[in-house]
Amino acid sequence: MIDGIEVDAKAGATIRSAAETVGIEIPTLCWARNLNPANACRLCVVEVEGTRPLVASCSRTVEDQMVITTNSARVRENRRSVLELLASAVELDWAESELVAHFVEYEARSDHFDGTKLEEASKIHDDLFAREYSRCVLCYRCVDACGDQAQHTFAIAIAGRGFESRVSTEFDVRLPDSACVYCGNCIAVCPTGALTPLTEFVMRTESTWVQERQVVTHTVCAFCGVGCNLELHVQDDNIVKVTSPSDHDISLGNLCIKGRFGWQHLD
Amino acid sequence: MPNVHFGNGQPTTREQEIVEQFLLEPERATHALSERVLVGGPRRATGIRHLLLPGLWALQDSVGWVSPGGLKALCDSLGVPLAEAYGVATFYELLQSEPPPEVLIRQCDDITCMLFSSGNLGVEGSRVGSSCLGQCDSSAAAVVQRPGHGTAIVTESVGASTPVVAAPAGARLLRRIFNGGATTIADYRSVGGYTALEVAIEIGSSGVLGAIQQSGLRGRGGAAFPTGAKWLAVADSLSSTKYVIANADESEPGTFKDRVLMEQDPFALIEALTIAGLTVGADCGWIYIRGEYTLSYARIKSAISEAHSTGFLGADVAGSGRPFDIEVRRGGGAYVCGEETALLQSIEGYRGEPRSKPPYPTSDGLFGQPTLINNVETLVNVLEILHQGPAEWRSVGSAESPGTRLFCLSGHVARPGVYEHPMGTTLGRVLSDAGGVAAGSELQMILLGGAAGGFVSPEQLHVELSFEGARSAGLSLGSGAIVVFDASVDLPKVVARVAKFFANESCGKCVPCRIGTQRQMEIVAGRSGGLRVLDDLDQVMTDSSICGLGQAASSLVRSARNLGVI
Amino acid sequence: MFGVGGGTSSFAEIEDADLILLWGSNARDAHPIFFHHLLKGIKNGARMWAIDPRRTSSAKFADTWLGLEVGSDIALANALAREIIHNGHADEEFIANATSGYAEFAASVEDWTPERASDATKLPTAEIRALALAIGQSKKVQICWTLGITEHHTGVDNVHALINLALLTGNVGRWGSGLVPLRGQNNVQGGGDMGAIPLRLPGFTDVSDAVQRERCEREWGASLPDQRGWHMSEMFDAMHERALRALWVIGENPADSEADADHARAALSGLDILVVQDLYLTRTAQLADVVFPAAAAWAESDGTVTNSERRVQRVRRAVAPPGEAHDDLEIIFDVAKICGHDWGSPDAEVVWDELRRVSPSHAGMTYARLSDLGGLQWPCLDESDPGAPFLHGRLWQQPLVGARAPFAAVEWRPPLDTLDDDYPFRLTTGRVIDSYNTGVQTERYPSPIRTGDTLDICRADASSIGVTSGDRVAVASRRGAIEMTIRIVEGLPRGLVFSTMHFPGAADVNRLISDAWDPKSGTAEFKATAVRIDRCASEIVAQ
Ligand SMILES: Cc1cc2nc3c(=O)[nH]c(=O)nc-3n(C[C@H](O)[C@H](O)[C@H](O)COP(=O)(O)O)c2cc1C
Ligand code: SF4
Ligand code: SF4
Ligand code: SF4
Ligand code: FES
């Protein structure tokens with residue numbers, strides 16, 4: 001039973017996905033369609049009857065006779081606080097549109113809590129990547145994509161503890177000195193713009209990145225016989241970024257360095 | 001397992017040797033059979049990943065830090081990705097990932113030691129602050145780390161008189177310790193050691209399960225969960241591999257009872273864990289000891305090896321025909337690893353970040369197998385239940401909280417130490433049995449249950465220390481910590497220290513706790529924004545945090561506000 | 001395979017395999033996203049054996065890596081077959097129902113004792129036995145390979161040796177098992193399917209197949225030869241003999257990519273006319289009389305490509321080609337027009353629909369379906385056909401429908417380019433993750449992990465020659481000599497050195513390679529060159 005609607009969910013389904021089947025949308029941040037969520041952001045919390053704390057709907061699986069409330073005042077207050085906490089610490093002006101929409105929906109004020117912000121210098125160590133961890137919400141998506149949920153390269157991990165936790169290479173070595181193979185599968189899942197292809201980073205910094213003028217065309221990568229699907233983001237007849245559809249069964253949103261960056265030879 | 005790639009830091013010969021020495025016992029991860037054959041891969045790496053934390057400790061103790069070259073050698077052998085291993089190392093307070101000073105002093109400045117520390121430890125070196133070290137009975141304390149000389153605890157005992165162990169109303173758990181403790185198997189046997197195991201073997205698994213259920217024993221680790229139900233759940237599981245774990249990570253500020261048990265009566269824990277293993281059907285037990293407890297670690301290790309050589313551990317435990325062995329793990333200095341699922345992650349060689357529950361460890365625990373996790377004190381109670389029988393055992397204490405409880409008294413109390421009292425004894429009685437407030441002073445406030453607990457004012461000394469007694473007064477017994485503050489104490493400072501404790505100890509995984517504890521610390525320290533947002537913080541941390549750490553992180557602040565302390 | 005030119009399986013199947021043999025393939029670097037599927041298989045419990053002379057980045061994920069001697073694959077496969085038979089693990093029911101030539105095959109491997117194979121492969125007999133046992137005891141085995149199997153003078157036989165193992169154990173025609181050749185290029189599969197190989201017509205039917213020939217002749221209004229044409233290696237021989245005098249090269253850079261590059265360049269230079277159609281002015285284009293600047297097929301024009309799992313997918317134009325560059329189709333239409341044939345205005349979908357009329361396997365693949373379904377795997381016979389995730393399921397039908405799958409007894413022949421005191425090292429070539437073929441495109445993006453033209457060597461060999469990482473060396477084969485930079489790496493046995501072929505500008509590796517080719521496929525022996533390594537004169541002088 002979700003918000004008074006009787007739901008017949010598949011065994012093993014999460015509360016979030018069960019709610020989706022009846023058209024109830026629950027906000028998420030660390031969840032992504034092609035990854036198992038770290039259940040770290042707690043934006044997706046809901047009330048489950050008989051459980052004192054709120055429950056992360058992205059990870060908790062449904063049980064028989066569960067009674068779930070997804071949008072009570074208590075749930076909404078908690079979500080608002082989560083957003084407000086994030087805004088108090090993290091630069092969110094490049095965040096994906098969904099996150100921006102959640103701020104509106106939950107009337108979250110970005111100055112409600114104030115205090116130390118994450119202060120991190122930009123990390124640009126090569127011609128492909130920009131990393132700005134002052135924009136990082138620690139959703140673990142990049143770490144999981146680089147790690148055992150997709151790429152298995154493990155170039156990055158969470159290091160440190162608590163408020164000092166950061167996404168980092170070993171001993172914070174520069175990315176080219178790490179195990180990184182520049183697949184950009186981390187960039188692809190980053191919801192906040194903490195990780196961007198350098199091309200996008202430069203355009204955003206120069207304010208020439210105009211999402212509304214961009215058209216996305218689907219095609220197939222030309223660099224091996226796997227046949228990964230590509231989404232070419234084109235602005236003013238120039239490719240400005242390449243991504244991969246997260247729902248295509250060959251690549252599930254992932255690419256290798258050639259697929260994600262090889263297009264630059266066209267420039 | 002992966003493209004293990006190393007940017008820099010080629011190991012020195014010494015680092016290579018340390019790692020090889022460490023890996024002598026367990027088989028090396030990647031196994032070169034010849035120039036043309038190599039056995040390795042992710043499966044092998046996963047199977048020995050649990051050696052990572054001990055491997056990091058080997059580097060810390062020998063090289064003095066987790067050096068890039070040492071970490072490379074270790075990761076190469078274990079097949080652990082370097083970035084992940086670095087992430088693990090930097091999770092733990094006691095593992096350094098920067099070149100160490102000659103002498104590093106981690107001076108405890110937590111709630112008890114902050115009252116006493118003179119800074120005069122008889123050692124010189126670089127100093128950093130530290131969360132509670134579990135030495136509050138001989139406060140103030142520090143951890144000293146020196147390259148090549150490992151990790152040691154030093155205390156200056158300026159607080160009060162020498163620590164005591166007492167049971168004013170009769171000893172059960174502390175029986176042997178009263179007789180001078182039992183650190184060898186001969187001593188242990190001479191005071192009736194291992195007779196509970198005999199009983200357990202005789203009455204069999206169902207007999208033990210029945211006795212524990214009838215006893216009404218509830219967990220002493222903080223959550224007060226019925227122990228019998230947990231044992232039954234694991235025993236009932238059909239899985240062929242199961243584990244039992246003793247949670248000896250005791251890190252709640254003001255708490256040191258498990259340390260006293262392990263240091264002076266190590267076989268009791270081993271016997272109890274063996275009974276747990278035989279009862280639920282586990283062949284392997286683990287004891288996870290907090291990293292600062294070096295003496296406990298040594299005593300437990302030597303007790304295990306004695307138990308081995310006398311047939312109380314091994315392929316045929318005490319003639320039962322059943323195998324049981326114990327592995328010991330040393331924590332790396334992280335309060336959150338006492339949380340049971342974080343503890344599992346830590347043993348498995350990952351960062352000590354809690355898992356989401358359900359599933360619970362009883363079904364998906366260590367290495368994904370059904371696992372029983374109990375606190376040290378909880379386990380030692382099992383011996384008493386089997387000795388006395390459940391009816392006799394529960395004749396003390398209350399119906400809801402049968403048995404006795406160990407309380408850790410520290411701060412401005414005349415005789416700090418571990419005290420055993422029947423559950424339901426009043427706080428006032430417990431305090432007066434410890435000699436009351438230290439001479440020449442007046443009681444201002446008591447902190448009950450540690451950092452995750454609450455304040456008790458002098459007007460509330462009548463509160464009964466049982467689970468239900470505490471609950472009805474809006475309190476919690478927590479770990480049994482009782483810290484006494486006299487009139488001289490600046491209580492807002494204590495509150496600020498506790499807020500800092502949570503900010504330091506938050507694992508950082510979930511937003512409410514990672515950022516919430518940081519904001520709470522800043523606000524309570526008066527460094528930012530008004531108290532008005534504390535209610536919002538309290539709500540989001542309590543409701544939405546993943547684990548008990550975040551969920552309890554605002555409890556003392558709330559209690560302080562209710563009592564007008566801040 | 002068994003008359004069908006494509007891998008038997010879908011990528012997703014490897015996620016459900018219990019045993020993966022990655023044989024002569026460094027998919028981790030060469031097919032990274034296929035490797036993601038493989039990794040899921042490992043996570044789901046599959047065991048993996050990597051069989052490759054090099055301990056590649058793929059081999060690091062293997063439960064066991066076997067570093068066999070270059071070119072000894074047939075010896076190993078035959079010995080495995082013998083062990084499997086002796087262990088009683090041959091799938092006799094499947095063999096009886098669905099295959100032919102088993103008795104002869106079994107007899108042919110009988111001599112291949114593990115000891116004999118151990119001599120040829122330099123692998124311990126225990127590991128050969130262990131692998132045979134693993135194959136015999138697994139229910140679902142996937143055998144994956146790449147150019148490490150095919151780029152030998154016995155390339156086709158090598159493939160047969162692997163097919164034999166699959167037939168012997170019934171590991172074909174069922175979900176989760178199968179034979180998976182990974183294609184190096186995005187559309188080699190499609191090129192072959194369209195008939196762009198000398199032996200075939202569209203739909204991968206033989207040119208000698210009268211029915212198919214007639215179908216094409218009717219569609220095209222022209223008569224077609226019933227004899228096969230030349231493959232690349234034959235073309236180069238023909239150029240030398242001046243039997244071939246005009247050449248139109250579309251999107252290929254043979255001046256850099258052919259074995260024995262000096263020989264190939266001489267052949268190209270001797271042509272009467274060379275026309276090259278490419279994105280860039282490649283080394284081949286520089287030799288050309290006429291260059292047609294072409295659009296990038298995957299971003300500047302419309303069409304389809306076919307991947308290694310026989311999946312046809314749409315490519316689409318997203319940006320306009322630069323300057324005078326034109327779509328390949330436009331160029332071909334324009335040339336036709338000049339030759340007096342007006343084919344109308346070029347339209348990729350119209351051309352595709354024509355293909356659907358002549359190739360029954362593609363008949364059901366309309367552009368609309370290809371778009372909606374994320375591609376379709378052939379055969380796809382009509383518009384209600386969901387396509388074929390795996391092939392040869394029919395082999396499990398009783399009674400069998402269609403032809404039996406033949407075993408092919410194959411004999412091991414070591415590499416032609418033999419090692420001796422003058423040429424004591426074995427050079428093998430391959431890909432790295434960030435580059436592609438001769439680097440024409442990939443050298444034009446700023447990869448931070450580019451290794452360049454290094455000659456990879458193990459520490460022991462490097463010190464025996466007296467060199468270390470960064471030193472320049474002269475690498476000579478029986479065909480030529482080039483300079484390269486030494487890089488000491490782990491994972492190469494003694495006697496084996498490795499280089500990529502991505503940097504012909506800096507290290508013209510293909511000049512070293514023998515153009516002796518497999519008579520059955522026309523593929524040259526890229527993977528087994530005998531070389532000598534000397535410190536460069538300049539280095540020696542400097543010391
Ligand atoms: C942050 C945190 C720290 C904890 N630390 C400890 C500890 O040090 N020792 C302990 O026994 N239990 C600790 N616990 C409780 C354990 O999670 C678990 O409930 C306990 O080990 C179960 O044993 P019991 O049933 O015998 O009490 C902690 C819980 C939390 C949330
Ligand atoms: S680019 Fe790929 S390898 Fe590098 S950090 Fe990102 S996910 Fe990992
Ligand atoms: S860098 Fe991006 S993807 Fe990675 S944890 Fe931070 S916000 Fe998430
Ligand atoms: S992205 Fe990489 S793996 Fe995918 S098709 Fe392109 S080159 Fe191949
Ligand atoms: S989406 Fe559920 S915790 Fe982040």
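Below, chains carry the letters A, B, ... as their sequence lines are ordered, and counting in each starts from 1.
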**Asked** chain B heavy atoms under 4.5 Å from C:A460: which part of the residue, side chain, backbone, both or neither?
**Response** neither

**Request:** Assess whether salt bridge (charged side-chain N to carboxylate O under 4.0 Å, His left out) is satisfied between C:D63 and B:R43, documenting all intermediate values.
**Result:** CA-CA 7 Å; C:D63 294 279; B:R43 198 184 328 271; 3.1 Å; yes

**Message:** With rounding to the nearest 0.5 angstrom, report the CG to CD distance, B:D76 to C:E490.
**Reply:** 6.5 Å

**Prompt:** What distance separates C:R494 CZ from B:R36 CZ, expressed to the nearest 0.5 Å?
**Reply:** 9.5 Å

**Prompt:** With a 4.5 angstrom heavy-atom cut-off, which part of C:L68 approaches chain B: side chain, backbone, both or neither?
**Reply:**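 Backbone of C:L68 only, per the 4.5 Å heavy-atom cut-off to chain B.
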
**Request:** Could you go through the side chain to side chain contact (heavy atoms under 4.5 Å, CB included) check for B:E35 and C:K122 one step at a time?
**Result:** CA-CA 10 Å; B:E35 192 187 38; C:K122 299 201 181 145; over 6 Å; no

**Top contributor to chain B contacts, counting heavy-atom pairs under 4.5 Å, from C:E69, C:M48, C:R47, C:K43** =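 Max contact count across the listed options: C:R47.
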
**Message:** For B:L38 and C:T64: C-alpha separation, side-chain torsions, deciding distance, then whether side chain to side chain contact (heavy atoms under 4.5 Å, CB included) applies.
**Reply:** CA-CA 6 Å; B:L38 191 104; C:T64 308; over 6 Å; no

**B:K357, NZ: over 12 other non-hydrogen atoms inside 6.0 angstrom** =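 Yes, the 6.0 Å shell around NZ holds more than 12 heavy atoms from other groups.
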
